[in-house]
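Take a look at the structure below.
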Amino acid sequence: MLPNDAITIQNDLERSMKGGIIMARRTHAGRLPPNSGMPDTDARLALIHAWLSRELHLSQVRIEVASSDASFRRYLRVWSGASTYIVMDAPPEKEDVRPYLKVSRLLEELGAHVPHVHESDSTRGLLLLEDLGTTPYLQQLEHGGDSERLYADALAALANIQLHGAAACAQLPPYGRSELAREMALMPEWFLARHLSLTLSAAESELLAAAFEFLIAAALSQPRVFVHRDYHARNLMVVGERNPGIIDFQDALCGPVGYDLVSLLKDCYIAWPRPRVVSWVQAFRARLLAAGGPAGGSDAEFLRWFDLIGVQRHIKVLGIFCRLWYRDGKCGYLPDLPRTLDYVRETSASYAELGALARFLDERVTAQLPRANQRVAAERGEPGGAQP
C-alpha cells in the first residue's frame with residue numbers, strides 16, 4: 001500500500017533531467033522487498049491471522065509485508081481466495097488508529113478515493129482496508145509515466161477536497177502557531193546540530209527565530225482548508241478508477257490553503273522545473289477561483305502563499321528526515337535532504353524577508369551536508385559514502 005521507506009544511502013547520488021523531471025536516482029539495496037514473508041516469531045502476525053480467519057471468517061488467508069512508514073505502523077497485504085486486502089497493523093501502545101478512522105470517513109464523504117475500511121478493531125490497532133495496489137505515483141513518474149495526466153488527477157482531487165471540505169475542516173484540529181513553531185524547531189535541533197554538527201552563534205539563532213516568526217505569520221494569514229499534510233508522490237497511488245488513491249492522511253489538520261499544493265508540486269522525493277510548477281499553481285488557482293474557492297486576490301498573492309508555506313514545510317522536513325535516522329534508525333530519507341534544502345535556499349533567496357536565511361544556508365549549511373551524509377554512510381559501512 002505504501003512504498004518501502006528503508007532506502008539505503010546511495011553511493012554517488014545522481015541528479016539528471018529526464019522529460020522535464022528533475023530526478024534523484026538512488027539504489028534500493030537493503031530495502032524490504034514488497035513481497036517478503038513475515039517472520040514466524042512475530043506475535044502481532046499471529047494476532048492478525050487469528051483476527052482475519054477466526055473473527056472475520058476470511059478463508060485461505062496468506063499474509064505478506066506490503067510496507068512500513070515513518071511511524072510505528074506497518075502494512076500487510078492479505079490474500080483470501082481471489083481477493084486482496086491491506087491490514088494496517090498499529091500497535092495500540094504506540095499508535096492510535098482512531099484519527100485514521102475519523103479522517104478516512106471525512107475524506108470518503110468528500111468523494112476522495114481513500115482505502116475503504118472494511119473492518120476495524122481500535123482496541124488492538126487493526127484495520128482491514130481496501131487494497132489500492134502497489135504503484136505509488138513516485139514509482140510511475142520515475143519510470144516515465146504520464147506526469148500531466150497523473151498531476152491533473154491529483155490536482156483535481158485536491159481541489160475537490162478544498163472546495164467542498166469546509167465542514168470536514170471544522171472537525172479537524174487547527175494548524176496553528178504552536179504546531180508551526182514546533183515543526184520548524186526540529187530543523188536546528190536535528191538537522192543543524194545533530195546531523196551537520198553546527199553550533200549556532202547568538203546572532204544565527206536570532207536570525208532563525210526571526211525567519212520562523214515571519215513564516216508562522218505568513219502561514220496564519222492564509223485561508224483555512226482541509227490539509228492532508230503529506231499529499232505527495234509517495235502517498236498517492238495509481239489506481240484504475242477515481243485516480244489517485246490517497247493514503248497516509250491520519251495527521252490531517254485545518255490549515256493553510258497552499259500547504260498540500262506545495263507538498264505535491266515541490267515534493268521532497270521528486271522535483272520539477274520552476275516554470276512547470278508555476279503553471280500548475282496558476283491552473284489550480286484558476287480552478288479554485290472559478291468555483292468561488294479561497295484563491296486570493298491575484299496569481300502573485302497565491303504564488304506567495306504557495307512559496308512561503310513551502311519554506312515552512314521544507315524546514316520542518318529537514319528536521320524530520322534527520323530525526324528519523326538519529327532517533328528511529330531509519331536512514332532512507334537522508335538522500336532526499338539535498339533536494340529539500342535546495343527548496344528552502346532557492347525560495348528564501350527570492351523573498352527579501354528571507355534573504356538573511358538564504359545567506360546563512362549558503363554560507364554555513366550547504367557545504368556541510370555532503371560531508372554529513374558521507375559520515376553516516378561510513379558509519380553504516382557503505383564504501384565511498386553518499387555524495388549528494
Side-chain angles (χ1 to χ4, degrees), residues 1-3 5 69-73 88 90 95-108 110 112-115 136-138 154-155 157-166 168-187 212 215-216 218-220 222-237 244-270 284 294 305-321 323-324 333 336 340 343-344:
M1 181 174 178
L2 297 175
D5 291 331
D69 63 20
S71 71
F72 293 100
R73 293 181 297 271
M88 178 195 291
E95 295 284 341
D96 183 357
V97 299
R98 288 173 297 180
Y100 180 96
L101 291 170
K102 176 182 177 179
V103 179
S104 173
R105 174 181 57 80
L106 294 174
L107 286 172
E108 201 162 42
L110 290 171
H113 192 172
V114 296
Y137 262 44
L138 183 61
L155 291 166
L158 180 59
N160 176 69
I161 292 169
Q162 293 191 352
L163 288 168
H164 301 105
C169 185
Q171 298 182 55
L172 298 174
Y175 210 157
R177 169 176 291 275
S178 60
E179 290 79 14
L180 293 162
R182 183 172 60 250
E183 290 175 346
M184 286 190 288
L186 299 174
M187 182 262 213
F212 291 178
L215 291 168
I216 290 170
L220 295 177
Q222 294 190 28
R224 309 282 96 185
V225 296
F226 190 114
V227 176
H228 176 295
R229 290 182 79 190
D230 279 307
Y231 195 81
H232 55 64
R234 277 186 160 183
N235 289 335
L236 300 176
M237 306 299 293
I246 303 171
I247 60 176
D248 203 18
F249 45 73
Q250 61 280 340
D251 296 323
L253 295 174
C254 183
V257 66
Y259 194 95
D260 282 344
L261 187 62
V262 84
S263 300
L264 177 67
L265 301 182
K266 297 177 81 171
D267 195 324
C268 295
Y269 308 107
I270 193 167
F284 186 81
W305 288 348
F306 171 87
D307 279 338
L308 294 182
I309 197 60
V311 176
Q312 188 278 337
R313 172 175 169 77
H314 294 127
I315 285 173
K316 172 189 75 170
V317 169
L318 289 171
I320 288 176
F321 282 178
R323 186 177 68 178
L324 283 166
Y333 299 88
D336 299 300
T340 306
Y343 284 141
V344 179

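Here the structure is a predicted model, which means the values were calculated and not measured. All residue numbers in this chain count up from 1 along the given sequence.
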Would a 4.5 Å heavy-atom cut-off, applied to side chains only, mark [X] and [Y] as touching?
| X | Y | result |
| --- | --- | --- |
| L236 | L264 | yes |
| F226 | L107 | yes |
| I320 | K316 | yes |
| H314 | C268 | yes |
| L106 | L172 | yes |
| M88 | Y100 | yes |
| R224 | Q222 | yes |
| P256 | F306 | no |

Does NZ or CZ of R229 come closer than 6.0 Å to the centre of the six-membered ring of Y175, within 45° of the ring's axis?
yes
Atom CZ of R98: over 12 foreign heavy atoms under 6.0 Å
no
Under the side chain to side chain donor-acceptor pair (under 3.5 Å) test, which residues partner Q162, sequence neighbours left out?
none
Taking side chain to side chain donor-acceptor pair (under 3.5 Å) as the definition, give me every residue that meets it alongside E108, ordered by chain and number, with sequence neighbours left out.
H116
Over all heavy atoms of both residues, which pair between [X] and [Y] is shortest? Give the atoms and the distance, please.
| X | Y | result |
| --- | --- | --- |
| V227 | Y259 | CG1-CD2, 3.6 Å |
| A90 | V97 | CB-CG1, 3.6 Å |
| L158 | D260 | CD1-CB, 3.6 Å |
| V114 | S104 | CG2-O, 3.8 Å |
| L110 | A168 | CD1-CB, 4.2 Å |

For Y231, which residues count as a ring-ring contact (aromatic ring centres under 6.0 Å, His included) partner, sequence neighbours excluded?
H228
Main chain of [Y], side chain of [X]: is a donor-acceptor contact present, judged purely on distance under 3.5 Å?
| X | Y | value |
| --- | --- | --- |
| D267 | A233 | yes |
| D248 | N235 | no |
| Q250 | P99 | no |

Nearest 0.5 Å, please: how far is CE in M184 from CG in L215?
5.0 Å
Working to the nearest 0.5 Å, report the span between CZ of R234 and CG of L138.
6.5 Å
Passes side chain to side chain contact (heavy atoms under 4.5 Å, CB included), Y137 versus Y269? Steps please.
CA-CA 11 Å; Y137 262 44; Y269 308 107; over 6 Å; no
Pair I246-H113, side chain to side chain contact (heavy atoms under 4.5 Å, CB included): steps then yes or no:
CA-CA 6 Å; I246 303 171; H113 192 172; 5.7 Å; no
I315, V317, V311, I309 screened by side-chain contact (heavy atoms from CB on, under 4.5 Å) with R313, the one that passes:
V317
